[in-house]
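I have placed the structure first, in the form of structure tokens, so that the comments after it can refer back to it.
Every number for a ligand or one of its atoms is a count from 1 in the order of the listing.
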Amino acid sequence: MAFPKGFLWGGAIAANQAEGAYLEDGKGLTTVDLLPTGSKRWDIMFGKLESFTPLEGEFYPSHEAIDFYHRYKEDIALFKEMGFKSLRLSISWARIFPTGEEDQPNEAGLKFYDDLFDELVKNDIEPVVTIAHFDVPVHLVEKYGSWRDRKLVGLFEKYATTLFKRYKGKVKYWMTFNEINMLLHLPYVGAGLVFKEGDNKKQIQYQAAHHQLVASALAVKACHEISPDAKIGCMLAAGMTYSYTCNPEDVWDAMEKDRESFFFIDVQSRGEYPGYAKRYFRDHNLSIEMEEADEALLKDNTVDYIGFSYYASRATSTDPNVKDMTSGNVFGSIENPYLEKSEWGWTIDPKGFRITANQLYDRYQKPLFVVENGLGAVDVVAEDGVVHDDYRIDYLKKHLAEMSEAIEDGVEIIGYTSWGPIDIVSASSGEMKKRYGYIYVDKDNKGNGTLNRSKKKSFDWYKKVIETNGENL
Ligand code: BG6
């Protein structure tokens, strides 16, 4: 097996899906705090928000989540027992700047993450920190329309700089925006965008994208200046798009779909807008406002590594008769007859993982960090009190085997943090029922349960994987 020495095995979570304590210690309301479970959720995620405060009668899963805010020591002890070398987590912007506009950061918020990082470091677990994982202070959405306004760039820079200064020496791995390409699919989730009647959505989305790309470059610059030993990366929701047939029309369609996502990383990693993006803007009458200094800033401040999530591949066809399977999928895709699907309709494609890793490395020639991968499934606690999640072990085993092949192919991969090592709230559906963890959390979709943690069968399996540095899958 190919895993290098010092490989960063671990798991990944996000503030809004794990912490809870949504207004505690001065935290402000964030976009995710307005996402209920149920039918309204998808409308909001696409940019149709009715109210800037939580509504009576709706259930908001982020408000308590799994209460990681109060239980992180217990959870870290379990991660340590599994042998984690790293934990990827995100900082909630609104814990540090509750409205996003304060002059001074909220000390209680900063202290929470200080204690959390100390606990990790004490347990020899490297924190891998995402600066923005799907949350924006609601105040900035209300006042500026979120990332559609250039104002957010400076506010984000201030937030990121505050973090680099405070956690210098404690955090060595940073990432700017989680799944930055999500902005094009779920604009509220990716960038806090809310649309009004008559808005030119594409124009707003690409303008917001430009603002995030500039903000990301400014964060890279600040990180390199303040904390020269740290590494800062981007983060892509990856997964190659296959052409359904060898019809060149289908092949071109697949290429264009992939470029929709690569666009972001091309800018963050190569430092300039690719020609195909400029053509897309021309063809669609989009005019992106840029400041004179932006071009040089993007060019001079590219990322150190490419973080990415991989759950599934996608497939595309220009033939309208080929079956669509977009339900439950954030990215549109057609049915791939060669592949099975998860209970939420996401294709299961281990080989696609190897292909995707090779594709990314061929394109960027920078170290890759797999910061999300896993199977969302319904778990049943058996009579012996344990979840026997062989299906999860099977999924992960096959993916890790392909990742090891990618490393043999010459792809440089520095770590692997599987998604939701402890059950957390699902980002797309808001359910607890869609579980990824090695650790079961007793809580249901309506918020009932003791929040007790218990080990699933996969716990010991992953422990062995780490212990043997991937020799024993
Ligand atoms: C990624 C996100 O899109 O996929 C995570 O970065 C998310 O926040 C994960 O949880 C899995 O998606 P879901 O919808 O199953 O939680």
Given the rule in the side-chain contact (heavy atoms from CB on, under 4.5 Å) test, do L35 and Y188 qualify, once you have shown the distances and angles that lead to the verdict?
CA-CA 10 Å; L35 277 176; Y188 179 80; 4.0 Å; yes

The residue among F79, Y438, Y436 that forms ring-ring contact (aromatic ring centres under 6.0 Å, His included) with Y462 is Y438

Quick one: closest heavy-atom pair of I66 and R453, and the distance?
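It is O-NH2, 2.8 Å.
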
Which protein residues come within less than 4.0 angstrom of ligand 1, counting heavy atoms only?
Q17, H133, F134, N178, E179, Y311, W346, E372, W419, S426, A427, S428, K434, Y436

Would a distance-only check, ignoring hydrogens and angles, find a side-chain to backbone donor-acceptor pair under 3.5 Å from N106 to R95?
yes

Restricting to pairs with a member in residues 21-32, which pass salt bridge (charged side-chain N to carboxylate O under 4.0 Å, His left out), not counting sequence neighbours?
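Pairs touching residues 21-32 that pass the test: K27-D33.
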
Is it the case that more than 12 heavy atoms not belonging to K433 sit under 6.0 Å from its NZ atom?
no

